[in-house]
Protein chains: 2
Amino acid sequence: MSKIRIFLVDDHQLVRDGIKALLISAEDLIILGEASSGKECFEKIALEPPDILILDISLPDTNGIEITKRITNEYPETRVLILSMYTNEDFIFNSVKAGARGYLPKNTSREELLSAIHAIYNGEEFFSDSISRIMLKSYVRKAKEDDLAPQRGPIPLTTREIEILKLFAEGFINKEISDKLDISIRTVETHKNHIMKKLELKSTVELIKYAIRNKIVEI
Amino acid sequence: MSKIRIFLVDDHQLVRDGIKALLISAEDLIILGEASSGKECFEKIALEPPDILILDISLPDTNGIEITKRITNEYPETRVLILSMYTNEDFIFNSVKAGARGYLPKNTSREELLSAIHAIYNGEEFFSDSISRIMLKSYVRKAKEDDLAPQRGPIPLTTREIEILKLFAEGFINKEISDKLDISIRTVETHKNHIMKKLELKSTVELIKYAIRNKIVEI
DNA sequence: TCATCCCTAAGAAATACACGTAGGCCAACC
DNA sequence: GGTTGGCCTACGTGTATTTCTTAGGGATGA
């Protein structure tokens, strides 16, 4: 059975050495090489793309997420494992979005790192417990936001105002709205002004976004 | 210390008895009552709302998600634990969205059920391993969709046009855009016209919606 | 009855939009 | 090596919208 070929990208020599020390005794792995920047990384892997790229988020010339995007596009056979000291939800989400197959914090154990490598090599995804918890929290938050968003602030508009906002956000121009509702175009304008003042919106753009956020119209 | 008050809702007598049998020996719990339908549930808990409502998704007259919504609104002190044979992602997402604090499959163990009850009673959330895995998968899928969605239709705009559309959809007026980009207002207007023509949009409203749909701006 | 909110409406100035036109630049093509 | 076409730039003109102010009439409730 052929060995799992690993490539390391981290801008700290010590970290790379540490990871190598952890992995050196694993017989089914082989470290193809290492790089301390995005540029160096792409230069080196062009010769022989690894099975797994272990990647730090913060790098001198770019960041792990951009590298992940390029890898996903240019080397779809290479799978990315993010190893980062940052466990913030945005980084995790964007890493996954960019195509990363796993995410570990830097204080992970040798066992977990090996588990991750094997899982990813076998086509699975791997997230450490702490990362999973963050992802779950985020999942719960998103689900709740999905529900709460429309109720965030009770809509302080009158029925007539909502009617006009709806028509406007659907794309009708003032004249069409005034015809539809059989009122003067001036009245339509006044209603819109009232809405903008009430909601403290500074532009019609925000008005439309408000209508979308509050599900007065579909996108 | 007062006992954790539990109420069971499931349309199968056997399941309710099974759960009761599992919980009866736990000294810090007390089963307040049980119901086999949504109607019966609300009639009974009106007298004494429980701390935790253990709820099946499928019920004869309604479903657990609707009950969860009502509970969340009408009895915010009562926390809902979903116990369901369905582990499909939509049910899980909608349960969380409706306000459920935990979700367990029906083949869960006594230990896990007790862990879930205690976690939820302490204000935490609890999802069994199998449910967590489904949520994580969903998280990953959503993150990927988030990335793929904008590629649905290739955006036929030039970089300058996208730049201007982005600023416009962020709420900047033409003058601000022309200042930012150090070009004439006329140019900004021309770009916007080109965009509208290319995309066959009839109003700025549609322009903004286009920008949102294609993730050029956030809502 | 008075205050308040809602719907209605208008005037005037500033701003934005629709549409046509056009020059400079650059890359691709024959 | 000129031509074509796309892109970015810009203006003129006429129309529409926005911004700000003012205001009457009806409903509602203290």
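Letters go in sequence order (proteins before strands), and every chain restarts at 1. Quantities reported herein were computed from a predicted structural model and do not represent experimental measurements.
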**Report entry** Residue list, salt bridge (charged side-chain N to carboxylate O under 4.0 Å, His left out) with A/Asp17, at least two apart or on another chain
**Finding:** A/Lys20

Query raised in the report: Whole Å only: how far is the NZ atom of B/Lys198 from the P atom of C/dA18?
Result: 16 Å

Query raised in the report: Please give, in whole Å, the distance from C/dC17 P to A/Phe172 CZ?
Result: 20 Å

Requested in this report: Have a look at A/Thr159 and say if it touches a base, only the backbone sugar-phosphate, or nothing, with a 4.0 Å heavy-atom cut-off.
Outcome: sugar-phosphate

Distances under 3.5 Å between protein N/O atoms and the N/O atoms of nucleotides 24-30 of chain D, please, pair by pair.
none

Query raised in the report: Residues two or more places apart in sequence or in another chain: which of them pass side chain to side chain donor-acceptor pair (under 3.5 Å) with A/His118?
Result: A/Asp28

Query raised in the report: Which pairs count as salt bridge (charged side-chain N to carboxylate O under 4.0 Å, His left out) when at least one residue sits in residues 73-88 of chain A, sequence neighbours excluded?
Result: A/Arg70-A/Glu74

N/O donor-acceptor pairs under 3.5 Å from side chains in residues 185-193 of chain A, not counting sequence neighbours:
residue	atom	partner	partner atom	Å
A/Thr190	OG1	A/Arg186	O	2.8
A/Lys192	NZ	A/Asn174	OD1	2.7
A/Asn193	ND2	A/Glu189	O	3.3

Query - All salt bridge (charged side-chain N to carboxylate O under 4.0 Å, His left out) counterparts of A/Glu43, not counting sequence neighbours - result: A/Lys39

Query raised in the report: Once you build an axis from the first five pairs and another from the last five of the helix from C/dT1-D/dA30 to C/dC30-D/dG1, how far apart in angle are they, to 10 degrees?
Result: 30°

Query raised in the report: Whole-Å distance between D/dC8 P and B/Ile177 CD1?
Result: 15 Å

Report task. Inspect the contact between B/Arg16 and B/Glu34 and indicate whether a charged nitrogen and a carboxylate oxygen are less than 4.0 angstrom apart. Result -> yes

Query raised in the report: Listed by chain and number, what are the salt bridge (charged side-chain N to carboxylate O under 4.0 Å, His left out) partners of B/Glu48, not counting sequence neighbours?
Result: B/Arg5

Query raised in the report: When you check the phosphate oxygens OP1 and OP2 of C/dC5, does a side-chain N or O of A/Thr158 lie under 4.0 Å from one of them?
Result: no

Query - Check ion pair A/Asp179-A/Lys175 (N to O, under 4.0 angstrom) - result: yes

Report task. Just jot down the salt bridge (charged side-chain N to carboxylate O under 4.0 Å, His left out) partners of B/Lys137, sequence neighbours excluded, or say none. Result -> none

Report summary line: Sorted by chain and residue number, the side chain to side chain donor-acceptor pair (under 3.5 Å) partners of B/Ser84 (sequence neighbours excluded) come out as none

**Report entry** Length of the CD1-P vector between B/Ile208 and C/dA16, whole Å
**Finding:** 13 Å

Report summary line: Residues passing the side chain to side chain donor-acceptor pair (under 3.5 Å) test with B/Thr87, sequence neighbours excluded, are none

**Report entry** Contact state string [nucleotides 9-19 of chain D, B base, S sugar-phosphate only, - no protein heavy atom under 4.0 Å]
**Finding:** BBBBB---SBB

